[in-house]
Amino acid sequence: MSFIRDPRVTVFPDEQTAARVVAVRLANALQDKPDLVFGLATGRTPIALYDELARVTISRNLDWSAATTFNLDEFVGLGPEDPGSYRRFMQEHLFRHTNLRPERINFLVGNADPDAECDRYERTIAAAGGIDIQILGIGTNGHIGFNEPAPGLEARTHRVTLTIETRRSNAALFGGRLEQVPAEALSMGMATILQARTLILLAHGERKAQCVAALVNGPLTTELPASFLQLHGDVDLILDTAAASSLTL
Ligand code: F6R
């Protein structure tokens with residue numbers, strides 16, 4: 001089911017079908033523009049998408065060698081080789097299945113000096129010509145990247161304190177031990193994210209239904225950072241029926 005509105009909402013019967021359709025779209029985009037700049041997300045949501053992308057990479061013999069990637073966020077204190085780092089997550093789920101050149105994989109380095117690292121990241125995104133397609137998930141509290149609900153939002157890449165809810169959702173990366181989940185992260189800011197030319201947000205499951213509905217139907221508010229996606233002219237929300245269940249369309 002597809003609805004012409006802004007953001008565009010497409011509802012799939014299940015997560016797997018949604019992942020397949022988005023993977024084909026990304027593969028087509030890469031074939032049309034081999035030097036595409038991807039913005040990528042971590043978390044449970046994009047795992048099926050990355051599995052499908054790995055499959056389509058093999059079946060079409062996709063060439064990623066001219067492509068560039070930027071991930072949204074990383075935990076403060078964790079180096080790229082740390083097993084709990086998002087850099088390792090991406091290696092495992094996507095990068096190792098592609099011929100992406102290591103120097104074209106861009107990541108916030110969690111154990112670098114935070115302020116200098118955030119500046120470096122903004123400059124690197126600008127030098128790459130900006131992000132063509134940004135993949136997003138959404139937190140159950142409406143966060144995007146690690147832009148958590150707050151009275152004000154940071155526009156640019158910055159250091160954030162994670163909410164307990166966000167740390168809990170990431171505990172699986174740390175063997176289920178909440179106390180091991182870093183308390184802080186570095187994250188692209190909302191302006192950085194909104195400057196990507198195309199945004200594709202994936203959400204599945206009942207737990208995401210309320211924040212997806214607030215993103216689409218609610219007012220713009222820093223207490224639901226995802227609501228700012230309404231300001232972007234090219235956003236696709238890719239949902240399963242459960243995540244779409246509270247929407248008024
Ligand atoms: C991670 C990120 C986060 C997640 C969100 C949803 O890079 O950007 O905003 O997308 O926390 O996480 P999952 O997919 O685990 O529900």
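Counting from 1, the numbers follow the sequence of the chain as shown. In each ligand, atom 1 is the first atom listed, and ligand 1 is the first ligand listed. Bear in mind the structure is a predicted one, so any value in this text is a computation, not a measurement.
The pair E117-R120 meets the salt-bridge criterion, since a charged nitrogen lies less than 4.0 angstrom from a carboxylate oxygen. The pair R87-D82 does not count as a salt bridge, with every side-chain nitrogen at least 4.0 angstrom from each carboxylate oxygen. Between E92 and R96 a salt bridge is recorded (basic side-chain N to carboxylate O distance below 4.0 Å).
Protein neighbours of ligand 1 below 4.0 Å, counting non-hydrogen atoms: A41, T42, G43, R44, T45, L72, D73, G137, I138, G139, H143, G145, K208.
Between Y86 and F146, the two ring planes are parallel [angle under 30°; tilted spans 30° to 60°].
In the hydrophobic clustering of this structure, F38 does not group with V24; members are Ile, Leu, Val, Met, Phe, Trp, Tyr whose side-chain heavy atoms approach within less than 4.5 Å, directly or through other members.
Each side-chain hydrogen bond (donor to acceptor under 3.5 Å, both in side chains) pair with one or both residues in residues 177-189, not counting sequence neighbours, appears once here: R159-E184.
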